[in-house]
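Order of the sequence lines fixes the chain letters, A, B, ..., with proteins taken first and strands second; residue numbering starts at 1 for each chain.
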Protein chains: 2
Amino acid sequence: MICRGEDLHDAVPVICSGWAASVAMLSDGSRQILSFLLSGDLVSTAFLFEPRPHCLVEAVTEVDYRIFRRSELQSVLLELPDLFDKLSPLWSEEKGRADRLIVDLGRRTADERIARLILELADRLARRGMTRAKSPTAIDKSATAIEMDFPLRQHHIADATGLTPVHVSKVLSAFRRDGLINISDRALTILDPAGFRRVAHMR
Amino acid sequence: MICRGEDLHDAVPVICSGWAASVAMLSDGSRQILSFLLSGDLVSTAFLFEPRPHCLVEAVTEVDYRIFRRSELQSVLLELPDLFDKLSPLWSEEKGRADRLIVDLGRRTADERIARLILELADRLARRGMTRAKSPTAIDKSATAIEMDFPLRQHHIADATGLTPVHVSKVLSAFRRDGLINISDRALTILDPAGFRRVAHMR
DNA sequence: CGGCCCTTTGACGGACGTCAAATAGCGTGG
DNA sequence: CCACGCTATTTGACGTCCGTCAAAGGGCCG
C-alpha cells in the first residue's frame, strides 16, 4: 500500500493515524528511509514549499491521512500571525533528526544504529503517550521495561539504517539473546532500558 | 582555527568568504561533517530558531564571517513582508542536501560518496561563478575539464563521507590513475566530467 | 493443504578499517 | 641555505564488519 509517488508536486500529506515512511529510491532498487512518520506528522516541512519532492511516502501500517493542496495551504498559513512560532519547532526537530541520522549512518556501527532507531521511535511515541511501562517481574531489580507498538518489518529497519535485512535479523537476535529487548506480535519491549541505551550511546 | 563551540546558543554565523564546515563530534573523537559552508552561506536556517545547536562550526580555510545575535535577527526578520519567499528556498535546499547525504551514507560505496561530494561542491561553486573551464588539450575529443579551488584536506573528505583518511587517499589515487580528476596546489580539476559523473551515479 | 512473505542461520566474500612505515610538503629557526 | 619537526599523503599487509548467497523454517491467509 503506497501513498503516492511523484504526484506530490502540489500535495502536502499529513499522517492522521498509523505509521508511514518517506523513502528515497536508487536506480538499482535499493532504498533509504529518510524518516518514519507517526500520527500527526507532517511529512516534511520542506514539502510546504518544495516544488518537486525527491522521495516517496509509503505506508507501513494501515494509515489515515489527509492531502492538502500546497497552493491552498500556503495562502492559509501566510495569514497566521504566529506562523513562525508554529513552524520553527517542527522544522528544527526535523533538521535535528536528519542530522542525527547523518551521524549515525556515517559513524556508527550496525548495533548502535539499530538501537538508536528503536530508542528514537520509543521517544517519539512516549511524547504522544503511546508507550506503556511494564512493571518488572517480582524482585527483579532492573528498571521498568517499556513497551510500544512496533509494526516495522526488519526490511524497514534495514532501509532506515543502511543495512541489509539479513544483518538486521542477526543484530536483533543478539539484542534478544542479551535480554535487552523483546519483539513479538508487532510490539517491542525494552527489557533493559539502561543497558539498551548503553549500546546505543557507545562512543 | 575554530569558529565556535557551544556558544552558538544566541549566535547565528554567516560565512562571508572562505570555506567552513559544520561538524558533529562523537564522544570517542570521531567526527561527521554535516555540511560544508561556502561564501554567503548561512550556517543553517535551523540556527535562526534553534535554542541550542548540536554541532560546531569549523573553518577549513581562512574565513571571514559575521555573527548575528539570534534575538536581534529574529525581530528584524519578522518585519520582512516576503520572509517566506526568502527563507523557504534556503530551507528547501538545505533539507535536500541533508537528505541526499543520508542516502549517500546509507546506500552508496566509498567511490560514489567521494565523487558525489566533489560534484556537489563543484555545482555549488559553479552557481557562484567560482569554477573555471579548462579547454582540453589540442584535439582531445573529451569534454571540457572543470577546475575549482579545493582547499579540503583528505581528512575533511573522510569526515564528510563517513570514511577514513586512509581509504579516501586510496580512492582519490584511483580516480587520478583513471584520469578522472587531478588535485594539486589546493585546486581540483575534473578531467573527465562525463566519466566522473558516471562514477558518482552508479546505481 | 499450499503459496507467500518474513525471519533465521551458516558459509563465504568483499569493502572498508586499522596499523605501520615511508615519503612528501611546508614553515620555522639556526 | 639547510636542518628540523610537524602534518598530510601514500602504500601495503592484515583484520573485521557487514553483504551476499543459499537453505530452512514459521506464520498467515486463501
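A donor-acceptor pair under 3.5 Å links the side-chain atoms of A/Glu112 to the main chain of A/Thr109, judged by distance alone. Between the B/Arg107 side chain and the A/Leu26 main chain, no donor and acceptor come within less than 3.5 Å of each other. At distances below 3.5 Å, not a single donor-acceptor pair connects side-chain atoms of B/Asp178 with backbone N or O atoms of B/Leu180. Panel note: side chain B/Thr189, backbone B/Ile146; no donor-acceptor pair is recorded below 3.5 Å.
Atom CZ of B/Arg153 is separated from atom P of C/dG25 by 12 Å (rounded to the nearest Å). Rounded to a whole Å, the CG atom of A/Asn182 is 15 Å from the C1' atom of C/dT7. One can place CZ of B/Arg108 at 21 Å from P of D/dC18, the figure rounded to the nearest angstrom. Rounded to an integer number of Å, the gap from CZ of A/Phe175 to C1' of C/dT7 is 17 Å. As a whole-Å value, the separation of A/Arg107 CZ from D/dC18 P is 14 Å. Distance A/Leu188 CG to C/dT7 P: 13 Å, rounded to the nearest Å. Whole-Å rounding puts the A/Ile114 CD1 to D/dG19 C1' distance at 14 Å. Atom pair B/Asp28:CG and C/dG17:C1' shows a separation of 14 Å (rounding to whole Å applied).
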Dump every N/O contact between nucleotides 23-30 of chain D and the protein below 3.5 Å, one line per pair.
none

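With respect to the salt-bridge test (charged N to carboxylate O, under 4.0 angstrom), the residues A/Asp41 and A/Arg124 qualify. The pair A/Arg116-A/Asp123 does not meet the salt-bridge criterion, since no charged nitrogen lies less than 4.0 angstrom from a carboxylate oxygen.
The environment of B/Arg186 atom CZ is dense: over 12 non-hydrogen atoms of other residues, nucleotides or ligands sit within 6.0 angstrom. Atom CZ of A/Arg128 sits in a crowded spot, with more than 12 heavy atoms from other residues, nucleotides or ligands closer than 6.0 Å.
Looking at A/Ser17 and A/Asp64, their side chains do bring a donor and an acceptor atom within 3.5 Å of each other.
Across the helix from C/dC1-D/dG30 to C/dG30-D/dC1, the helix axis at one end is tilted relative to the axis at the other end by 30° (nearest 10 degrees, each axis from five pairs).
Between A/Lys170 atom NZ and A/Thr164 atom OG1 the span is 7.5 Å, to the nearest 0.5 Å.
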Does the pair A/Trp91 and B/Phe49 meet the rule for a ring pair (Phe, Tyr, Trp, His ring centres under 6.0 Å), with working shown? CA-CA 9 Å; A/Trp91 175 3; B/Phe49 309 105; 5.7 Å; yes
Where protein sits on nucleotides 10-17 of chain D, one letter per nucleotide: B base, S sugar-phosphate only, - none, heavy atoms under 4.0 Å: BBBB----
